[in-house]
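All values below come from the heavy atoms of this structure, side chains included, with hydrogens, waters and symmetry mates left out. Each chain gets a letter, A, B and so on, in the order its sequence line appears, and its residues count up from 1.
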Amino acid sequence: MCGRFALRLGRDRIRQVPGYNLDVDEWENEDEFVPRYNIAPRTQAPVIRHRGAADGGEPTDSSDKMIMQTMKWGLVPHWSKVEDKTLSTTNARAENLVEGGGMWGSLRGSKRCVIPVQGYYEWLTKGKQKLPHFTKRKDGGLMLLAGLYDSAVIDGRTLWTFTIVTTSANSSFSWLHDRQPVILSSTSSVLAWLDTSTTPTNTSWTKQLTQLVQPYSDKNVELECYQVPQEVGRVGTESETFIQPIKSRKDGIQAMFMKQKEVKRKREEDTEVIGVKDEDDGPSKRAKTEDADVEEHDEKPPKKLKAEGSSSGFKPSSSSQPPSQSQERKPKPSPTKEKGIPETT
DNA sequence: CCAGACGTTGTT
DNA sequence: GTCTGG
DNA sequence: CCAGACGTTGTT
DNA sequence: GTCTGG
């Protein structure tokens, strides 16, 4: 989960963090990052953290400067002497963070960061097929994902790395996968996550932080998810179409067919919109967060993107009734698993 | 007691 | 660095 | 997800 | 049969 994401905006645009109200002063190693639609582990990406947390992990609060820094995806702990490529540290499970032991114990209190993305990819397992989907904010703002970072001295060089925190998938997303990255959708939740003055030691972890890593539940920021081209699965490929619904491409082709043939059973939902709305949510008027979109394109889509396998059958239904959840009792706090905590702002 | 793991996901 | 497994 | 283990002691 | 490791 969360093993791929997109961040293809001009650097100036990224610095503004559209969708949030943050003051990011500078960007270290800016040149080491190349905006891309297809960002995979072990490549460089920007993260946002507080300046003071850099070395030693001194507690920092919201008064500290916030900076952006290009780091390598896949956390290499500070005690590593070599870069162990067999260690999977692309993600950090929220459950293990909360427990406090293990590898994350020394980082969770002082090395927290957020990762700006336009959206992330997830592969829906459908029979034998793996169908890539893209999840993003409906309003086009960036998504800030909760992360941890560290620095290690490898061969005399300081290597900065990060990992993305994952949690259980929200019931609206469980049809796609059972895990999701922790999405910090409001400025205040981001500030809370980055403020390490509240957790100065490795052994303290506040209830608020535990709440922040719960499954996504912000009704004020809707997310959408749709299928995208298979080609995104190939590491190293790039196309603007990777963050666009494949539906838009099919339309063109189908339009031709439709002249001759009528389309009958067409349930083809490429664009499932998933708000985190339960049954009813009143008149929801999203406050259009500030400007937030376009970038500069120059990328030419692969010339030959033929419609991939699964053209049809997609199952959005579960948006309302999660597959694997059949309990009626409200979840009660269980030591290791989720505590049904909602909301945060 | 010391060597070895320490992590997550699930083909892409 | 610290915990775990053998 | 499937293959393979599934146990305990700890002398040196 | 069920848990664990890869």
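- Here, B/dT9 and E/dG6 have their C1' atoms 12 Å apart, quoted to the whole Å.
- Residue-to-nucleotide proximity on DNA chain B shows that, of A/Gly3 and A/Thr166, the 5′-proximal contact is made by A/Thr166.
- Phosphate proximity of B/dT8 to A/Trp104: present, with a side-chain N or O under 4.0 Å from OP1 or OP2.
- For the OP1/OP2 pair of B/dG10 and a distance below 4.0 Å, the side-chain nitrogens and oxygens of A/Arg179 include no atom meeting the criterion.
- For the OP1/OP2 pair of B/dT9 and a distance below 4.0 Å, the side-chain nitrogens and oxygens of A/Thr90 include no atom meeting the criterion.
- For the P atoms, the distance linking D/dT8 with B/dA3 amounts to 24 Å, nearest Å.
- Taking the side chain of A/Asn91 as heavy atoms from C-beta on, and the options B/dT12, B/dC6, B/dT8, the nearest nucleotide is B/dT8.
- Residue order along DNA chain B, read from the 5' end via each residue's closest nucleotide, puts A/Asp84 first among A/Asp84 and A/Cys2.
- For A/Ser88 against B/dG7, a side-chain N or O and a base N or O form a donor-acceptor pair under 3.5 Å.
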* **Candidate pair A/Gln69 and A/Arg49, rule side-chain hydrogen bond (donor to acceptor under 3.5 Å, both in side chains), full reasoning** => CA-CA 8 Å; A/Gln69 181 176 358; A/Arg49 64 171 176 87; 2.8 Å; yes
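- Nucleotides B/dG10 and E/dG5, compared at atom C1', are 13 Å apart to the nearest Å.
- The aromatic rings of A/Trp193 and A/Trp205 stand perpendicular to each other, their planes meeting at an angle above 60°, with 30° marking the opposite boundary.
- Remark: B/dA5 base-pairs with C/dT2. Criterion, Watson-Crick or G-U wobble with two distances under 3.5 Å.
- Proximity of A/Asn96 to the phosphate of B/dT8: a side-chain N or O atom is located under 4.0 Å from OP1 or OP2.
- Salt-bridge annotation for A/Arg42 and A/Glu83: present, with a side-chain N of the basic residue lying under 4.0 Å from a carboxylate O of the acidic one.
- Per the stacking criterion (ring centres < 5.5 Å, plane angle < 30°), A/Trp79 stacks onto the base of B/dC6.
- For the pair A/His177 and B/dG10, the criterion of a side-chain N or O lying under 4.0 Å from OP1 or OP2 is met.
- Annotation for A/Asp155: atom CG does not count as buried by contact number, only 12 or fewer foreign heavy atoms lying within 6.0 Å.
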